[in-house]
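We count residues from 1, following the sequence as given. What's counted below: heavy atoms across the whole structure, side chains too, no hydrogens, waters or symmetry copies.
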Amino acid sequence: MTEQRGIEKLNPTGNSPRAAEDFTIRIDGSRPLSAATVAELTALADRVEDSGAPQVAVLHVNGAPEESWTHEVSLPLVNKWERALRRLERLDAATIAVATGDCGGVAFEALLATDYRIAGGDVRLTVPSDASGVWPGMAVYRLANQIGVGPTRRAVLFGLPLTASEALGLRLVDEVADDTDTALAKAVSLLGPSMGQGLGVRRQLMLDATTTRFEDALGSHLAACDRVLRRVPAEVAP
């Protein structure tokens with residue numbers, strides 16, 4: 001195991017219905033953004049897309065970086081990271097984040113790009129920041145779109161952390177659990193069998209809804225409906 005990596009593969013434990021080992025990674029937010037972090041997240045997306053079967057991707061996220069983390073980061077690297085997160089958001093698979101302890105930096109940014117979020121009772125979610133203030137990356141965009149400008153204000157302008165109860169109240173996380181392993185197993189069981197095909201399309205339609213006029217969105221929704229209607233006869237045919 002390489003200590004410098006921001007993301008590490010996890011091994012499955014027990015017989016709980018977790019996502020397979022190949023679709024489970026850890027993001028360490030205490031480490032600065034690196035090319036290895038981007039590569040690991042990209043590799044996860046590759047494995048999910050190449051699997052040829054419905055999957056649940058799990059991201060264990062924790063850790064917050066020192067204020068000097070931006071000293072090791074370049075703009076091209078930030079662009080690659082944002083593209084990797086966007087790809088995660090477009091996967092045709094359910095994505096789950098499990099957050100524990102302090103969660104900032106790349107860990108918090110990855111959490112915002114997942115579908116279902118489980119927080120440990122000790123979690124403290126923090127918008128990425130450095131000595132100059134809150135990092136003006138796409139985490140600001142995602143946070144404001146997901147919970148609104150008002151609830152985002154303290155976190156974005158002043159970098160104040162959100163506790164587990166505050167994050168749950170804002171629906172930034174879906175549940176708070178002392179036993180995150182059990183909560184994860186239940187979430188995988190819940191999401192895995194029910195997600196069906198076209199999850200990536202449904203997610204994208206939802207994400208576009210806040211920024212797209214009805215008239216502009218209608219075509220995309222009709223196209224998605226058409227794909228479902230064309231698939232139904234094939235599924236019910238004897």
Side-chain angles (χ1 to χ4, degrees), residues 6 27-33 37 41 59-75 77-90 95-177 180 183 203-214 216-217:
I27 300 182
D28 184 355
S30 69
R31 301 192 183 282
L33 175 62
T37 306
L41 187 57
L59 286 71
H60 288 260
V61 296
N62 74 313
E66 300 292 335
E67 288 187 343
S68 61
W69 71 272
T70 52
H71 295 175
E72 304 177 37
V73 175
S74 66
L75 191 59
L77 180 60
V78 173
N79 185 37
K80 290 178 181 178
W81 172 242
E82 295 293 357
R83 290 180 181 276
L85 290 175
R86 189 59 169 163
R87 186 177 175 193
L88 180 69
E89 286 181 320
R90 291 178 171 176
T95 56
I96 301 175
V98 181
T100 55
D102 285 343
C103 182
V106 292
F108 181 69
E109 290 181 318
L111 176 141
L112 292 178
T114 57
D115 299 320
Y116 193 87
R117 299 142 190 194
I118 301 167
D122 63 342
V123 84
R124 281 167 31 104
L125 302 178
T126 307
V127 179
S129 61
D130 62 7
S132 65
V134 169
W135 174 247
M138 291 300 288
V140 173
Y141 175 91
R142 289 187 174 93
L143 193 59
N145 271 277
Q146 292 175 21
I147 64 175
V149 173
T152 299
R153 187 172 53 250
R154 288 193 311 154
V156 168
L157 297 183
F158 310 115
L160 298 178
L162 295 169
T163 64
S165 60
E166 289 172 332
L168 182 63
L170 294 171
R171 303 306 297 171
L172 189 58
V173 299
D174 296 281
E175 61 176 300
V176 175
T180 56
R203 185 192 299 114
Q204 191 59 49
L205 292 173
M206 177 187 67
L207 293 174
D208 290 345
T210 59
T211 57
T212 307
R213 294 188 315 140
F214 177 89
D216 296 331

Report the C-alpha distance between Arg154 and Glu166 in whole Å, list the side-chain angles of each, state the deciding distance to 0.1 Å, and finish with yes or no for salt bridge (charged side-chain N to carboxylate O under 4.0 Å, His left out).
-> CA-CA 12 Å; Arg154 288 193 311 154; Glu166 289 172 332; 3.7 Å; yes

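- The minimum heavy-atom distance linking Ala167 with Leu125 is given by the pair CB-CD1, 3.8 Å.
- Taking CZ of Arg83 as the start and CG of Leu88 as the end, the distance is 15.5 Å to the nearest 0.5 Å.
- Closest heavy-atom contact between Ala107 and Gly63: CB-O, 4.0 Å.
- Under the side-chain contact (heavy atoms from CB on, under 4.5 Å) test applied with Trp135, the options Val140, Val127, Val78 reduce to a single match, Val78.
- Expressed to the nearest 0.5 Å, how far CG of Asp174 lies from CZ of Arg171 amounts to 5.5 Å.
- One finds the CG atom of Asn62 at 10.0 Å from the CD1 atom of Ile27 (value rounded to the nearest 0.5 Å).
- Of the possible donor and acceptor atoms, none in the side chain of Thr37 sits under 3.5 Å from a partner among the backbone N and O of Leu33.
- A salt bridge links Asp102 to Arg124: at least one charged side-chain nitrogen sits closer than 4.0 Å to a carboxylate oxygen.
- Leu85 is listed as a side-chain neighbour of Glu109, based on a closest heavy-atom distance under 4.5 Å.
- In this structure, Pro128 and Trp69 approach most closely via the heavy-atom pair CB-CZ2, 4.3 Å.
- The environment of CZ in Arg86 is crowded: more than 12 heavy-atom neighbours from other residues, nucleotides or ligands sit within 6.0 Å.
- For Ala164, the side chain to side chain contact (heavy atoms under 4.5 Å, CB included) criterion is met by Val123, Val176, not counting sequence neighbours.
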side-chain contact (heavy atoms from CB on, under 4.5 Å) evaluation trace for Gln146 with Leu170 = CA-CA 9 Å; Gln146 292 175 21; Leu170 294 171; over 6 Å; no

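- Nearest approach of Ala113 to Thr95, heavy atoms of both residues: O-OG1, 4.2 Å.
- The CD1 atom of Ile118 sits 12.0 Å away from atom CG of Leu168, with the distance rounded to the nearest 0.5 Å.
- The side chain to side chain contact (heavy atoms under 4.5 Å, CB included) search around Asn145 returns Tyr141, Thr210, Thr211, not counting sequence neighbours.
- In this structure, Ala139 and Leu112 approach most closely via the heavy-atom pair O-CD1, 3.6 Å.
- Residues Leu41 and Trp81 meet the side-chain proximity criterion, which asks for heavy atoms closer than 4.5 Å.
- In this structure, the separation between CG on Leu162 and CZ on Phe108 is 6.5 Å, given to the nearest 0.5 Å.
- To the nearest 0.5 angstrom, Glu66 atom CD is 12.0 Å from Asp130 atom CG.
- Other residues, nucleotides and ligands contribute more than 12 heavy atoms inside 6.0 Å of the CZ atom of Arg142.
- Across all non-hydrogen atoms, the minimal contact from Thr180 to Val98 is CB-CG1, 3.8 Å.
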